[in-house]
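Structure first, commentary second.
Counting from 1, the numbers follow the sequence of the chain as shown.
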Amino acid sequence: MRSEFWLELWRSGQLGFHQATVNPWLAKHWPTLCLTSDCPVFVPLCGKSLDLAWLRALGHRVIGVELSEIAVRSFFEEAGTPFKMSNSAGDLPRFSSGGIHIYCGDYLELSTPHLEAAPGAFDRGALVALPPEQRAVYADHLQRILPVGAQVLLITLDYDQERVPGPPFAVSQAQVRALYGDRCRIRKLDSAPTEELPPRFREAGIKMADEDIHLLTKVD
């Protein structure tokens with residue numbers, strides 16, 4: 001899954017992965033993190049998710065990162081909010097408006113200062129967007145740039161990967177433990193079947209998949 005794959009989806013408008021409403025698991029389980037309303041929070045590979053605005057409405061300073069500039073601009077334009085872009089030499093361009101800040105570019109170029117010591121993060125579509133060979137790099141970097149004590153609300157999807165290729169890719173609970181277990185406490189909060197799958201999943205005979213919701217707490 002090279003960067004060009006995702007950039008082309010945004011250019012062509014193939015946005016089956018985009019949710020047109022706030023994620024219900026976020027609304028249900030975000031209070032579990034017990035964060036102060038004004039603290040910064042991080043949303044990796046955020047696209048133009050409405051979850052950003054939902055988190056901002058709680059009072060959080062929201063920090064996202066997204067590869068596609070089309071996605072970033074679409075988020076602010078569809079919200080009807082003017083934005084400013086800053087582009088410091090050697091840094092990722094940053095689009096900002098009303099307490100929401102989205103860095104545009106390679107997630108792996110983010111460093112600890114970009115996250116402003118955010119004690120919370122929400123990953124709905126980042127981990128499941130990546131094939132196994134990229135997943136470990138993603139998870140390692142996230143744990144490097146988040147501070148000790150930070151909590152991540154993580155949503156994963158599990159199904160028979162042999163019957164249909166991702167994305168979204170299947171991520172089992174064992175894989176979550178392998179990726180995060182050395183540096184995070186892992187607590188499973190919820191699980192439920194979902195029918196909200198791409199059409200090609202149904203064409204392959206997969207009508208349901210399991211959504212699992214985890215709370216990760218960085219301890220090292």
> Given Ser97 and Thr81, is the side chain to side chain contact (heavy atoms under 4.5 Å, CB included) satisfied, shown in steps?
Replying inline: CA-CA 7 Å; Ser97 179; Thr81 56; 3.6 Å; yes
> Where do Ile102 and Val65 land on the side chain to side chain contact (heavy atoms under 4.5 Å, CB included) test, with the steps shown first?
Replying inline: CA-CA 5 Å; Ile102 304 177; Val65 63; 5.9 Å; no
>> What verdict does the side chain to side chain contact (heavy atoms under 4.5 Å, CB included) test give for Ser3 and Asp106, after you've listed the backbone C-alpha separation in whole Å, the side-chain angles of each residue and the deciding distance to 0.1 Å?
In response: CA-CA 9 Å; Ser3 298; Asp106 187 347; 6.0 Å; no
>> Apply side chain to side chain contact (heavy atoms under 4.5 Å, CB included) to residues Thr194 and Leu157 and explain how you reach the verdict.
In response: CA-CA 9 Å; Thr194 179; Leu157 197 68; 3.8 Å; yes
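A donor-acceptor pair under 3.5 Å is formed between the side chain of Gln143 and the backbone N or O of Ala139. In this structure a side-chain-to-backbone donor-acceptor pair under 3.5 Å is missing from Lys218 to Arg183. Of the possible donor and acceptor atoms, one in the side chain of Glu66 sits under 3.5 Å from a partner among the backbone N and O of Ser68. A donor-acceptor pair is defined here as one N or O able to donate and one able to accept, closer than 3.5 Å; such a pair exists between the side chain of Tyr107 and the backbone of Tyr138. A donor-acceptor pair under 3.5 Å is formed between the side chain of Gln161 and the backbone N or O of Val164. In this structure, Thr217 contributes its side chain and Gly149 its backbone to no donor-acceptor pair below 3.5 Å. In this structure, the side chain of Asp51 engages the main chain of Asn23 through a donor-acceptor pair within 3.5 Å. Using modelled atom types, one side-chain atom of Thr32 and one backbone atom of His29 make a donor-acceptor pair closer than 3.5 Å.
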Which donor-acceptor pairs under 3.5 Å do the side chains of residues 201-212 make with protein atoms, sequence neighbours left out?
{"unit_1": "Arg202", "atom_1": "NH1", "unit_2": "Leu197", "atom_2": "O", "d": "2.9"}
{"unit_1": "Glu211", "atom_1": "OE1", "unit_2": "Trp25", "atom_2": "NE1", "d": "2.8"}
{"unit_1": "Asp212", "atom_1": "OD1", "unit_2": "Ser191", "atom_2": "OG", "d": "2.6"}

N/O donor to acceptor pairs below 3.5 angstrom from side-chain atoms of residues 166-181, sequence neighbours left out:
{"unit_1": "Ser172", "atom_1": "OG", "unit_2": "Ala174", "atom_2": "N", "d": "3.4"}
{"unit_1": "Ser172", "atom_1": "OG", "unit_2": "Gln175", "atom_2": "N", "d": "3.1"}
{"unit_1": "Gln175", "atom_1": "OE1", "unit_2": "Ser172", "atom_2": "N", "d": "2.7"}

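Note: the hydrophobic cluster containing Leu146 also contains Leu108 (ILVMFWY, side chain heavy atoms under 4.5 Å, direct or indirect links). With hydrophobic clusters built from ILVMFWY side chains whose heavy atoms lie under 4.5 angstrom apart, Leu115 does not share a cluster with Val148.
The shortest distance between side-chain heavy atoms of Ile100 and Leu55 does not fall below 4.5 Å. Side-chain atoms of Val72 and Tyr103, non-hydrogen and from C-beta on, never get closer than 4.5 Å to each other. Counting heavy atoms from C-beta outward, Val43 and Ile63 have side chains that stay 4.5 Å or more apart.
Interatomic distance, Leu216 CG to Leu153 CG, rounded to the nearest 0.5 Å: 8.5 Å. In this structure, OG in Ser111 is found 13.0 Å from CZ in Arg144, a value given to the nearest 0.5 Å. Atoms CH2 and SG, from Trp30 and Cys34 in turn, are 11.5 Å apart once rounded to the nearest 0.5 Å. To the nearest 0.5 angstrom, Leu45 atom CG is 6.5 Å from Leu130 atom CG. The CZ atom of Arg185 sits 8.5 Å away from atom CG of Leu215, with the distance rounded to the nearest 0.5 Å. One finds the CD1 atom of Ile213 at 7.5 Å from the OG1 atom of Thr156 (value rounded to the nearest 0.5 Å).
Between Arg94 and Ser96, the shortest heavy-atom contact is NE-OG, 3.3 Å. Listed here is the closest heavy atom pair of Gly120 and Leu35: CA-CD1, 3.8 Å. Here the closest heavy-atom approach between residue Arg56 and residue Val62 is recorded as N-CG2, 3.6 Å. Nearest approach of Pro44 to Phe122, heavy atoms of both residues: CD-O, 3.3 Å. Heavy-atom minimum distance, Val128 versus Ile155: CG1-O, 4.0 Å. When all heavy atoms of Pro119 and Pro40 are compared, the pair lying nearest together is CD-O, 3.0 Å.
In Arg200, the CZ atom is crowded: over 12 heavy atoms of neighbouring residues, nucleotides or ligands sit closer than 6.0 Å. Within a 6.0 Å sphere centred on CG of Asp182, other residues, nucleotides and ligands contribute 12 heavy atoms or fewer.
For Glu69, the side-chain contact (heavy atoms from CB on, under 4.5 Å) partners two or more places apart in sequence, or in a different chain, are Arg73, Phe95, Cys104.
For the residue pair His114 / Asp91, a side-chain donor-acceptor distance below 3.5 Å is found, with atom types taken as modelled.
Using a 4.0 Å cut-off between charged nitrogen and carboxylate oxygen, Arg61 and Asp38 do not count as a salt-bridge pair.
Aromatic rings from Trp54 and His60 are positioned such that their centres are separated by 6.0 Å or more.
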